Amino acid sequence: MGIDKPNYVFNLDALMFGGAVLVLVMLVHAVLAISIHAAYSSVSGRCLRRKQYLLAQFVFLVGMFLLMIPHLVEIGVWGAAIHYSGLVKNLHDAIVFSGSSYTTLGFAPNVFPPGWESVTIIIAVSGMFAFAWSTTVMLDMVKNFSQAREAITQEFEAREKARAVSRK
C-alpha cells in the first residue's frame with residue numbers, strides 16, 4: 001500500500017487506540033497530580049501555620065520531585081499499551097519510544113508498523129497536555145513556597161533591625 005492511500009494516513013484503528021490510551025493516561029495524571037497537589041497543600045499549609053518556613057520550602061522541592069512521577073507512570077502506560085497490543089515486540093523499545101514521543105524529543109526511531117505512526121502524535125499530545133497540567137499545579141504550589149520565602153526574608157530583616165537597635 002502506497003503512502004498516498006487515505007487508509008494509510010488515516011488509520012481509524014490507530015486513532016481509536018491512541019485516543020483510548022490518551023484518555024487512560026489523562027485519568028492516571030488526574031489521580032496522581034490531584035493527590036500530589038492535595039498532599040502538598042496540606043503539608044505546606046501546616047508548615048506555614050507553624051512558621052516552619054524552611055521546612056515549607058523543602059516540602060516544595062519534594063513536591064516538584066513528586067510531580068515527575070505521574071509523567072514516568074504515563075510513559076510506562078504508553079509503553080505497555082503499545083507493547084501488549086502487539087504493535088511493538090520489545091517492551092524496552094516500547095517504553096523508550098513512548099518516552100521519546102511523550103516528551104516530544106523524538107530521539108527514538110519509529111517503531112510502529114506502517115499506518116500506525118499517528119499514535120506517535122497522540123503520545124506527544126498526551127505529554128503536552130500532562131506537562132501543561134503539571135505546570136498549573138506547580139504554579140499553584142509556588143504560592144506557598146513564595147509565602148515561606150517572604151516570611152524568611154521578613155524574619156531575617158527583623159533580626160537585623162533588632163541587632164542594629166541593640167548596638168546603639
Side-chain angles (χ1 to χ4, degrees), residues 15 17-83 91-111 118-168:
L15 295 175
F17 170 79
V21 179
L22 171 68
V23 169
L24 174 63
V25 163
M26 288 295 98
L27 287 172
V28 167
H29 196 84
V31 169
L32 294 175
I34 289 168
S35 298
I36 290 166
H37 184 258
Y40 170 80
S41 295
S42 174
V43 173
S44 66
R46 192 173 326 119
C47 290
L48 291 173
R49 286 189 300 279
R50 293 179 180 172
K51 299 184 179 189
Q52 298 171 318
Y53 303 122
L54 289 174
L55 183 57
Q57 290 185 323
F58 178 75
V59 169
F60 173 78
L61 297 174
V62 170
M64 291 298 94
F65 175 77
L66 292 176
L67 276 178
M68 175 183 59
I69 293 171
H71 298 284
L72 296 176
V73 170
E74 292 154 30
I75 289 167
V77 168
W78 272 112
I82 64 176
H83 171 68
L91 181 59
H92 176 265
D93 291 345
I95 291 172
V96 169
F97 180 80
S98 296
S100 171
S101 299
Y102 181 90
T103 59
T104 68
L105 294 174
F107 62 83
N110 178 38
V111 294
S118 61
V119 174
T120 305
I121 298 165
I122 298 169
I123 295 170
V125 168
S126 76
M128 288 186 277
F129 286 168
F131 282 119
W133 192 336
S134 290
T135 300
T136 61
V137 169
M138 181 182 65
L139 290 174
D140 191 61
M141 291 168 68
V142 167
K143 292 176 191 173
N144 286 3
F145 177 81
S146 296
Q147 267 187 288
R149 185 178 44 84
E150 182 63 31
I152 289 170
T153 302
Q154 289 173 356
E155 283 182 356
F156 177 77
E157 289 171 353
R159 274 190 246 127
E160 288 299 312
K161 191 174 185 179
R163 284 185 192 141
V165 169
S166 68
R167 288 184 202 142
K168 289 183 179 180

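Remember, it's a predicted structure, so these values are computed and weren't measured experimentally.
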Closest heavy-atom contact between [X] and [Y]?
| X | Y | result |
| --- | --- | --- |
| Ala56 | Ser44 | CB-O, 4.5 Å |
| Phe97 | Ala108 | CA-CB, 3.9 Å |
| Ser101 | Thr120 | OG-CG2, 3.5 Å |

Less than 4.5 Å apart, any side-chain heavy atom of [X] and any of [Y]?
| X | Y | result |
| --- | --- | --- |
| Leu55 | Arg50 | no |
| Phe145 | Val59 | no |
| Leu67 | Val137 | yes |
| Met128 | Val125 | yes |

Is a donor on one side and an acceptor on the other found under 3.5 Å between the side chain of [X] and the backbone of [Y]?
| X | Y | value |
| --- | --- | --- |
| Ser100 | Val96 | no |
| Arg49 | Gly45 | yes |
| Ser42 | Ala38 | no |
| Tyr40 | Met141 | yes |

Quiz item: Any Lys/Arg nitrogen of Lys161 or Glu157 sitting under 4.0 Å from an Asp/Glu carboxylate oxygen of the other?
Solution: no
Find the distance between [atom1] ([X]) and [atom2] ([Y]) and round it off to the nearest 0.5 Å.
| X | Y | atom1 | atom2 | answer |
| --- | --- | --- | --- | --- |
| Leu91 | Ser98 | CG | OG | 9.0 Å |
| Leu48 | Asn144 | CG | CG | 5.0 Å |
| Met138 | Phe131 | CE | CZ | 11.0 Å |
| Leu66 | Ile69 | CG | CD1 | 5.0 Å |
| Asp140 | Thr135 | CG | OG1 | 12.5 Å |
| Arg163 | Arg167 | CZ | CZ | 7.0 Å |

Practice problem: Answer yes if the ring centres of His71 and His29 are under 6.0 angstrom apart, and no otherwise. | Solution: yes
Self-check item: Contacts of Leu27 that satisfy side-chain contact (heavy atoms from CB on, under 4.5 Å) - sequence neighbours left out
Solution: Val23
Practice problem: Can you sort out the partners of Leu22 under side-chain contact (heavy atoms from CB on, under 4.5 Å), two or more places apart, ordered by chain and number? | Solution: Met26, Trp78, Ile122, Ser126, Phe129
Quiz item: Are there more than 12 heavy atoms of other residues, nucleotides or ligands under 6.0 Å from atom CZ of Phe65?
Solution: no
Quiz item: Does the side chain of Tyr53 pick up a donor-acceptor pair with the side chain of Glu155 at under 3.5 Å?
Solution: no
